[in-house]
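Heads up: numbering here begins at 1 and tracks the sequence.
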Amino acid sequence: SARVSSAWLSLSSQTLNMILPDPYGYIKTSSLAEASESKSAANFRKNELELKKKKAWDFAKAPFGSLFMNGFMLYMVGNSVQIFSIFITFMFLWNPIKAITEVNKVFTRVEDPELNLFTENWFTLLCNFCTSEWPFQNTE
């Protein structure tokens, strides 16, 4: 058995190709890769841009994701003046202001020269402004 395995190891790839035919349905990748290389690169770039645009919209809509949690927390705090309610009110005011000042940092992961993220930036600013003003619209 050792003699048989050494015989197989000594065969070159050209010899094996002459002995063993290609399997049914096998296509040599070298000619296929050359023909479709430009197509796959263009498709990959297109898909990458679409994913970045989708991710940018996810980042832009993120402030509305916490809106219901913030509303529930305000409801649970009540309308009395305590240290917890002051803390929650300050947090609801500070977090969107901080997010507005750091809006460009949010989109650094998806920046691309071919993408225009103007709409997403403005939508993020609008969402953060609305979420910072919403808790205080009924205060008297």
Side-chain angles (χ1 to χ4, degrees):
S1 70
R3 185 174 183 193
V4 172
S5 63
S6 65
W8 279 103
L9 291 175
S10 66
L11 291 176
S12 67
S13 61
Q14 291 176 348
T15 309
L16 283 176
N17 285 339
M18 289 188 310
I19 295 172
L20 300 172
D22 289 338
Y24 179 74
Y26 175 76
I27 299 171
K28 292 193 178 199
T29 57
S30 62
S31 61
L32 182 64
E34 291 171 3
S36 67
E37 186 175 312
S38 62
K39 277 186 184 180
S40 65
N43 286 339
F44 176 76
R45 184 70 179 147
K46 182 182 173 187
N47 290 339
E48 182 184 28
L49 289 175
E50 287 175 5
L51 287 174
K52 284 185 175 184
K53 190 77 165 173
K54 185 178 178 182
K55 195 64 164 172
W57 271 111
D58 289 344
F59 289 151
K61 293 187 264 181
F64 278 132
S66 64
L67 194 61
F68 293 110
M69 181 194 64
N70 293 347
F72 181 72
M73 287 177 68
L74 282 175
Y75 172 75
M76 295 303 289
V77 166
N79 57 4
S80 63
V81 179
Q82 299 172 1
I83 190 69
F84 188 68
S85 62
I86 293 170
F87 174 71
I88 293 294
T89 305
F90 177 74
M91 183 185 69
F92 286 154
L93 183 62
W94 177 252
N95 284 341
I97 290 173
K98 186 174 75 169
I100 287 170
T101 60
E102 297 175 351
V103 72
N104 289 329
K105 288 183 183 177
V106 172
F107 295 104
T108 55
R109 290 177 35 196
V110 293
E111 278 183 349
D112 197 284
E114 296 180 28
L115 281 181
N116 183 7
L117 298 177
F118 180 77
T119 309
E120 289 84 355
N121 279 330
W122 278 102
F123 190 76
T124 303
L125 290 173
L126 179 68
C127 288
N128 281 312
F129 180 73
C130 291
T131 56
S132 68
E133 294 298 317
W134 171 72
F136 305 110
Q137 66 180 336
N138 294 328
T139 56
E140 298 169 3

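F107 and A56 get closest at one heavy-atom pair: CE2-O, 3.4 Å. Heavy-atom minimum distance, V110 versus L115: O-CD1, 3.6 Å. Closest approach of F64 and C127 over heavy atoms only: CE1-SG, 3.1 Å.
Both W122 and L117 sit in one connected hydrophobic cluster of ILVMFWY residues. Membership requires side-chain heavy atoms under 4.5 Å apart, directly or through other members. When hydrophobic clusters are built by joining Ile, Leu, Val, Met, Phe, Trp and Tyr residues whose side-chain heavy atoms come closer than 4.5 Å, directly or via intermediates, F84 is not grouped with V81. I83 and M91 fall into different hydrophobic clusters, where Ile, Leu, Val, Met, Phe, Trp and Tyr residues are linked whenever their side-chain heavy atoms come under 4.5 Å apart, directly or through other members. Clustering ILVMFWY residues whenever any of their side-chain heavy atoms sit less than 4.5 angstrom apart, transitively, puts F118 in the very cluster that holds V106.
The distance from the NZ atom of K53 to the CD atom of E48 is 14.5 Å, given to the nearest 0.5 Å. We find the CG-OG1 distance between L125 and T101 to be 10.0 Å, quoted to the nearest 0.5 Å. With rounding to the nearest 0.5 Å, the separation of CD1 in I88 from CG in L93 is 13.0 Å. If you take CG on N95 and CD1 on I100, they are separated by 11.0 Å, rounding to the nearest 0.5 Å. Atom NZ in K61 sits 10.0 Å away from atom CD in E120 (nearest 0.5 Å).
Under the 4.5 Å side-chain criterion, counting only non-hydrogen atoms from C-beta, D112 is in contact with L49. Annotation: side chain of E50 is in contact with side chain of N47 (closest heavy-atom distance under 4.5 Å). Between F72 and F68, the closest side-chain pair of non-hydrogen atoms is not below 4.5 Å. A 4.5 Å side-chain heavy-atom check between T124 and F59 finds every atom pair outside the cut-off.
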Would R45 and E114 satisfy side-chain contact (heavy atoms from CB on, under 4.5 Å), going step by step from the backbone distance to the final call? CA-CA 10 Å; R45 184 70 179 147; E114 296 180 28; 3.5 Å; yes
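The side chain to side chain contact (heavy atoms under 4.5 Å, CB included) check on E111 picks up T108, with sequence neighbours excluded.
Below 30°, between 30° and 60°, or above 60°: for W94 and F90 the angle between ring planes is below 30°, a parallel geometry.
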